[in-house]
Amino acid sequence: MKKILIVEDSLIVRKMLEALVKPLGHEVIGCECVQEAMNVSGAHMAILDYRLPDGTGLDVAKRLKASNPSTTTVLLTARGNEAEKEGARTSKEIDIFLEKPV
């Protein structure tokens, strides 16, 4: 069983992502902000919203990769241009960059 971290401030989107991952048999930890996510350790994968109330998914990815470089990070965003300007698409901390439909 792998530990999957989902950091998404929209409760509806977070619960939807959790519902997709849980049936695969993994432990899922849902967080709504950077602060909560910083208290999680040992995640094998992180699905991160870009824009969060207290920072960005890129902030979370940097911390996760610093403590465990093998953590797979997926950044989801409806603000592709904004995230790209911050270097999210080319960041070594982001393994997969996905844009949400607007």
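Here the structure is a predicted model, which is why all the values come from computation and not from measurement.
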Is the shortest heavy-atom distance from the side chain of [X] to the side chain of [Y] under 4.5 Å?
X	Y	answer
Val13	Asp49	no
Ile29	Lys3	yes
Leu24	Ile4	no
Val40	Val7	no
Lys65	Thr73	yes

Would you say [X] and [Y] are hydrophobically clustered, going by side-chain heavy atoms of ILVMFWY under 4.5 Å?
X	Y	answer
Val74	Val21	yes
Ile96	Tyr50	no
Leu58	Leu76	no

Would you mind listing the cluster partners of Met1? Hydrophobic ones only (ILVMFWY), side-chain contacts under 4.5 Å, chaining allowed. none

Going by the salt bridge (Lys or Arg N to Asp or Glu O under 4.0 Å) test, which pairs reach into residues 25-44, not counting sequence neighbours?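 Listed once each, the pairs would be none.
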
Roughly how far apart are [X] [atom1] and [Y] [atom2], rounded to 0.5 Å?
X	Y	atom1	atom2	answer
Leu5	Leu48	CG	CG	6.5 Å
Glu82	Thr56	CD	OG1	9.0 Å
Ile94	Leu75	CD1	CG	4.5 Å

Side-chain ([X]) to main-chain ([Y]) donor-acceptor, under 3.5 angstrom:
X	Y	value
Arg63	Met38	yes
Arg14	Glu8	yes
Asp59	Val34	no

Taking all non-hydrogen atoms of both residues into account, name the closest pair between [X] and [Y] and its distance.
X	Y	answer
Asn68	Ala43	ND2-O, 4.1 Å
Asp9	Leu52	N-CD2, 3.9 Å
Ala88	Phe97	CB-CE1, 3.7 Å
Thr71	Ala46	CG2-N, 4.3 Å

Are any of the side-chain nitrogens in [X] or [Y] under 4.0 Å away from the carboxylate oxygens of its partner?
X	Y	answer
Lys62	Glu93	no
Glu99	Arg89	yes
Lys15	Glu18	yes

Look at atom [atom1] of [X] and say whether more than 12 heavy atoms of other residues, nucleotides or ligands are closer to it than 6.0 Å.
X	atom1	value
Ile12	CD1	no
Gln35	CD	no
Asn81	CG	no

For Thr77, all residues meeting side chain to side chain donor-acceptor pair (under 3.5 Å), sequence neighbours excluded: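 With sequence neighbours excluded, Thr77 shows a side chain to side chain donor-acceptor pair (under 3.5 Å) to no residue whatsoever.
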
